[in-house]
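Take a look at the structure set out below.
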Amino acid sequence: MVYFFESKHDEYSAPHMIVTGKDKFENDFLIKYGFKELEYIWFHADSYSSGHIYLQLTNGEKSLDDVPDGVINDCLQLCKASSIAGNKLPECTILITPWTNLRKNKYMNPGEVSFKTLKNCKRRKCFSRDNKIINRLTKTRVEMAENVEETLHDAKKSKDGFYFNKYLAANNQRLIEEEIQRQRLKKEKKKQQKKKNPQKQGDVDVELEKDVETVTKI
């Protein structure tokens with residue numbers, strides 16, 4: 001799955017699209033099928049496993065310096081929240097660089113990346129988790145769960161920097177309905193499992209942590 005979020009802080013500001021993969025394999029797809037016209041800025045927890053968070057520049061923005069602080073903070077919070085270790089810390093350093101500066105080769109594990117040059121890497125501090133920000137972003141989340149690699153491949157062939165903006169505009173309602181259906185089936189499956197395997201007294205439910213990725217240390 002690939003997740004799309006919208007960062008918008010008031011009715012007058014243009015929305016920014018934030019993109020991330022569900023796990024290290026989808027994040028590898030985002031690296032493999034990225035292209036410069038998307039104008040992605042990449043965020044990742046420094047020295048810890050985390051999600052790969054991509055911010056798309058918009059409205060003539062040329063670099064991170066042109067992006068509103070509130071939008072950057074949304075990306076920092078989303079990145080920190082996706083890190084099992086970083087999310088527990090009072091503060092976490094986030095690595096930031098353009099997608100065009102990422103380097104990936106066949107010898108790297110899924111989710112691992114390096115950089116073409118360290119000069120284009122920045123670091124920002126993200127402090128305590130802000131649930132208000134995370135909840136606001138989560139309400140905007142749209143999942144692309146079907147034909148993920150095929151869709152990413154088509155986007156790269158098009159070289160259209162607004163491919164996913166158009167895709168979401170055309171398929172938003174369908175994607176939302178599909179996610180509702182997946183959540184319904186997931187809940188039903190849990191109910192069936194509880195009926196088959198009733199929990200013994202004193203047992204504790206344990207939620208497995210999702211797959212995360214590792215960035216090559218620099």
Side-chain angles (χ1 to χ4, degrees), residues 1-24 26-27 29-30 34 38-46 48-59 61 64 66-99 111 122 124-145 148 152 162-169 171-180 182-183 186 207 209-213 215:
M1 292 185 188
V2 171
Y3 299 129
F4 298 90
F5 300 86
E6 183 180 282
S7 175
K8 184 180 171 113
H9 288 265
D10 58 65
E11 59 181 316
Y12 304 107
S13 61
H16 284 71
M17 186 170 69
I18 302 172
V19 187
T20 187
K22 179 183 179 182
D23 58 30
K24 56 191 174 185
E26 276 80 12
N27 283 322
F29 285 159
L30 291 174
L38 287 171
E39 297 187 303
Y40 279 165
I41 303 293
W42 177 87
F43 294 71
H44 193 285
D46 189 13
Y48 298 104
S49 295
S50 80
H52 293 207
I53 308 299
Y54 292 88
L55 169 68
Q56 184 179 41
L57 299 180
T58 188
N59 287 339
E61 294 164 346
L64 193 70
D66 301 322
V67 179
D69 289 339
V71 175
I72 295 174
N73 192 45
D74 280 357
C75 295
L76 297 176
Q77 282 287 333
L78 202 57
C79 189
K80 185 177 188 293
S82 74
S83 173
I84 295 170
N87 192 43
K88 299 174 183 177
L89 300 174
E91 68 175 56
C92 180
T93 301
I94 307 297
L95 277 170
I96 309 172
T97 195
W99 170 86
K122 296 184 177 181
R124 292 281 187 98
K125 293 285 188 182
C126 183
F127 298 97
S128 298
R129 176 188 173 110
D130 190 327
N131 285 326
K132 185 177 180 180
I133 291 177
I134 299 301
N135 291 338
R136 169 170 53 78
L137 291 171
T138 300
K139 289 178 181 178
T140 72
R141 191 183 79 180
V142 177
E143 294 183 16
M144 181 173 68
V148 174
L152 294 175
F162 296 100
Y163 182 95
F164 293 111
N165 307 77
K166 297 173 183 176
Y167 175 86
L168 292 175
N171 297 280
N172 187 70
Q173 189 58 41
R174 175 180 64 81
L175 294 172
I176 290 174
E177 290 174 357
E178 288 177 354
E179 181 176 359
I180 291 173
R182 283 193 298 272
Q183 293 298 329
K186 185 177 180 180
E207 182 179 353
E209 296 172 334
K210 66 178 183 179
D211 289 336
V212 293
E213 307 74 40
V215 62

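All residue numbers in this chain count up from 1 along the given sequence.
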If you define the side chain from C-beta out and look only at heavy atoms, does anything of [X] sit under 4.5 Å from [Y]?
X    : Y    : result
F164 : Q56  : no
M144 : N171 : no
E61  : P68  : yes
H16  : L55  : yes
L168 : L175 : yes
S49  : I84  : no

Mind checking whether Y3 and F5 have parallel, tilted or perpendicular rings, split at 30° and 60°? perpendicular
Between H52 and H44, how do the two ring planes meet: parallel, tilted or perpendicular, split at 30° and 60°? perpendicular
Measuring from atom [atom1] of [X] to atom [atom2] of [Y], what distance do you get when rounded to the nearest 0.5 angstrom?
X   : Y    : atom1 : atom2 : value
K22 : S82  : NZ    : OG    : 14.5 Å
I18 : L137 : CD1   : CG    : 5.5 Å
I41 : W99  : CD1   : CH2   : 12.0 Å
T58 : F162 : OG1   : CZ    : 5.5 Å
F43 : C75  : CZ    : SG    : 4.0 Å
L95 : I53  : CG    : CD1   : 13.0 Å

Minimum heavy-atom separation for [X] to [Y], with atom names?
X    : Y    : value
G51  : C79  : O-SG, 4.2 Å
N59  : A14  : ND2-CB, 2.7 Å
A145 : R182 : CB-NH1, 3.4 Å
C126 : I94  : CB-CG1, 4.1 Å
M17  : Y40  : CE-OH, 4.3 Å
K125 : L76  : O-CD1, 3.9 Å

Between [X] (side chain only) and [Y] (backbone N and O only), is there a donor and an acceptor less than 3.5 Å apart?
X    : Y    : answer
E178 : Q173 : no
E143 : E179 : no
E26  : V2   : no
N27  : G21  : yes

N135, CG atom: more than 12 neighbouring heavy atoms under 6.0 Å: yes
Salt bridge (Lys or Arg N to Asp or Glu O under 4.0 Å) partners of residues 74-84, not counting sequence neighbours, each pair once: D74-R136
Please list all pairs passing the salt bridge (Lys or Arg N to Asp or Glu O under 4.0 Å) test where one or both residues lie in residues 12-21, with sequence neighbours left out. none
Tell me, with the steps shown, if I72 and L64 meet side chain to side chain contact (heavy atoms under 4.5 Å, CB included). CA-CA 8 Å; I72 295 174; L64 193 70; 3.9 Å; yes
